[in-house]
Amino acid sequence: MTLDRSAGLAATARALACGEVTSQALVEDALARIGATRNTLNAFRIVRTRAALAEAAAADAELAAGVRRPLLGVPVAVKDDMDVAGEPTAFGCPGEFPPAAEDGEAVRRLRAAGAVVIGKTNTCELGQWPFTEGPAFGATRNPWNPQHTPGGSSGGSAAAVAAGLVPAALGSDGAGSVRIPASWTHLVGIKPQRGRISTWPLGESFQGITVNGTLARTVADAALLLDAAAGNHPLDPHRPPGLDISAAVGRDPGRLRIALSLKPPFTAVPARLQPQVRARVVELAERLAVLGHTVEEADPPYGRIGLAFLPRATAGIAERVATVPSPELLDPRTHGSARLGRLLGGAPLRAARRAETVLHRRIGAFFETYDVVLAPTTATPPPRVGALHDLSGLATERAVIAACPYAWPWNVLGWPGVNVPAGFVDEGLPVGAQLLGPAHSEPLLVSLAAQLEADLRWHERWPELAALDSPAA
């Protein structure tokens, strides 16, 4: 017996614990689905066929012996910026990479919870852009419309979950890279507090702006994967207090004061919220008001927060480029960002790091008036595959900012955010909205997201499998 693709993470774990299905059957089914969509979705960089089947057999033996762990035997995926022992960590780059000697801390914790890591999902080169395509692996496509990107940089993880290849997956978020693909594939995406899920062996990924997060179809599943992966390596510089995020699912959030923020933060180039996306976010705000919350338009005092982001992001790219085995194979845009990062890696980077404390104080004061910010996750629906392929570095940055101006400030702050599905626009393309909170506010955001999910039932809508049966044009 196996399970329908609609079975989520928690339901799959329960079925395994009750003996209704075996891990081997689940893994075989997942491998078949991944293989069937290899030429259409192209969600995975690495599929661990033999290793995953062996781990499934070991999980079945544990289950038969009465062992119980939160995710024992459940197949999940992780983004290809995370170390999995014995597998290369190419992070979207071309070239030959050595196998990792050991699991990264987040993967180690998933294994400790019993999960079977079935593979590593595609990401754009060094996670720089909100699309998932490149010469190293081709293009990853959106299950809702394969002519469009699933977003990025955790686009492979998002595509895999949205299509039902796995019930949940880990991604990483340095400028919205969990929330953006969650938005564009009709998923819940949690960007947790900095340090909640370890990024070790990198104590501070991209100068601290990148965190690991979760993608799933439901709030409960995203929270369960977060709890399983959460925790720290002894040398992690950021060690937030432990939280039981899953306990907040189904908890009444109370009557909240919600700021509807539709204005993009200051950027060096123009960004405009498309009317069709604005309409879906406003409808979500109206549902929150119906649920009893006080909603009013107000924008956090971001100021010129971009000055605290750019040096950290580009310096992080420069650091990663220096470790790539074949840098000559990298995209010219990557080299351009690395050059800028080396220029900004001294005094500007130090100033950017110092600015975080000031921003915490100023934007934190906003949460004395409001409990949660509701904002668009993106300004546009997902672009077509290849739309940014031949652009220069500057043109790419302009296009990225125009499409995705809303997510990155919370990476500077290091605070939690949750993407929730906001509906569909032209051509049946998904869009989303962010619930944003102050430090350590994951339980509140998850509680509110779960309340919305119970009302809107977004997890009941799936992409048509027929769209995935033949290669996209």
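All heavy atoms count here, side chains included; hydrogens, waters and symmetry mates do not.
- With rounding to the nearest 0.5 Å, the separation of OG in S246 from CG in L226 is 7.5 Å.
- Within the 3.5 Å criterion, the main-chain N or O of A379 finds no donor-acceptor partner in the side chain of R272.
- Between F206 and F91, the two ring planes are perpendicular [angle over 60°; tilted spans 30° to 60°].
- At a threshold of 4.5 Å between non-hydrogen side-chain atoms, the residues P383 and W184 count as touching.
- Counting only heavy atoms from C-beta outward, the side chains of P376 and L262 approach each other to under 4.5 Å.
- For the side chain to side chain contact (heavy atoms under 4.5 Å, CB included) with I118, the lone residue among V76, L31, L26 that qualifies is L31.
- Within 6.0 Å of CZ on R38 lie more than 12 heavy atoms contributed by other residues, nucleotides or ligands.
- Residues E133 and T149 have side chains that never bring a donor and an acceptor to within less than 3.5 angstrom of each other.
- Using a 4.5 Å heavy-atom cutoff, the side chains of T40 and P146 are not in contact.
- Here the CZ-CG distance, from R287 to D455, works out to 4.0 Å after rounding to the nearest 0.5 Å.
- A donor-acceptor distance shorter than 3.5 angstrom exists from the side chain of T123 to the backbone of S153, with no hydrogens or angles considered.
- Judged by the 6.0 Å distance and 45° axis criteria, R217 is positioned over the aromatic ring of W462.
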Candidate pair D80 and F137, rule side chain to side chain contact (heavy atoms under 4.5 Å, CB included), full reasoning:
CA-CA 12 Å; D80 193 26; F137 58 87; over 6 Å; no
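- With a 4.5 Å cut-off on side-chain heavy atoms, L291 and L448 do not count as touching.
- By the 30° and 60° cut-offs, the orientation of the rings of H186 relative to F424 is tilted.
- Between the side chain of D103 and the backbone N or O of A85, at least one donor-acceptor pair lies under 3.5 Å.
- Under a cut-off of 6.0 angstrom, the local environment of CD in E460 is crowded, with over 12 non-hydrogen atoms contributed by other residues, nucleotides or ligands.
- Between E442 and R196 a salt bridge is recorded (basic side-chain N to carboxylate O distance below 4.0 Å).
- Interatomic distance, L349 CG to L310 CG, rounded to the nearest 0.5 Å: 10.5 Å.
- The shortest side-chain heavy-atom distance between R141 and N42 does not fall under the 4.5 Å cut-off.
- We find the CG-CG distance between D173 and L215 to be 9.0 Å, quoted to the nearest 0.5 Å.
- Formation of a donor-acceptor pair under 3.5 Å by the R353 side chain with backbone atoms of Q207 is found in this model.
- Put simply, the side chain of T334 does not reach to within 4.5 Å of the side chain of R320, judged on heavy atoms.
- Remark: the backbone N or O of G104 is not paired with any side-chain donor or acceptor of D83 at under 3.5 angstrom.
- Using a cutoff of 4.0 Å between basic side-chain nitrogens and carboxylate oxygens, R333 and E125 are not scored as salt-bridged.
- Counted by atom type alone, R45 and T89 present zero donor-acceptor pairs between their side chains at under 3.5 Å.
- Considering CG of N142 and NE2 of H148, their distance stands at 8.0 Å, rounded to 0.5 Å.
- Of the listed residues (I190, V219, V372), just one forms a side chain to side chain contact (heavy atoms under 4.5 Å, CB included) with V418, and that residue is I190.
- No more than 12 heavy atoms of other residues, nucleotides or ligands lie within 6.0 Å of CZ in R398, so this atom counts as exposed by the packing criterion.
- In this structure, a donor-acceptor pair under 3.5 Å is present between the side chains of S172 and K79.
- For the residue pair T396 and W129, no side-chain donor N or O sits within less than 3.5 Å of a side-chain acceptor on the partner.
- Atom CZ of R312 and atom CD of E204 lie 7.0 Å apart (nearest 0.5 Å).
- P265 is listed as a side-chain neighbour of W408, based on a closest heavy-atom distance under 4.5 Å.
- Annotation: side chain of L374 is in contact with side chain of L435 (closest heavy-atom distance under 4.5 Å).
- Looking at D227, its side chain does come within 3.5 Å of a backbone N or O of I245 through a donor-acceptor pair.
- Listed for the K191 side chain is a donor-acceptor partner under 3.5 Å among the backbone atoms of W415.
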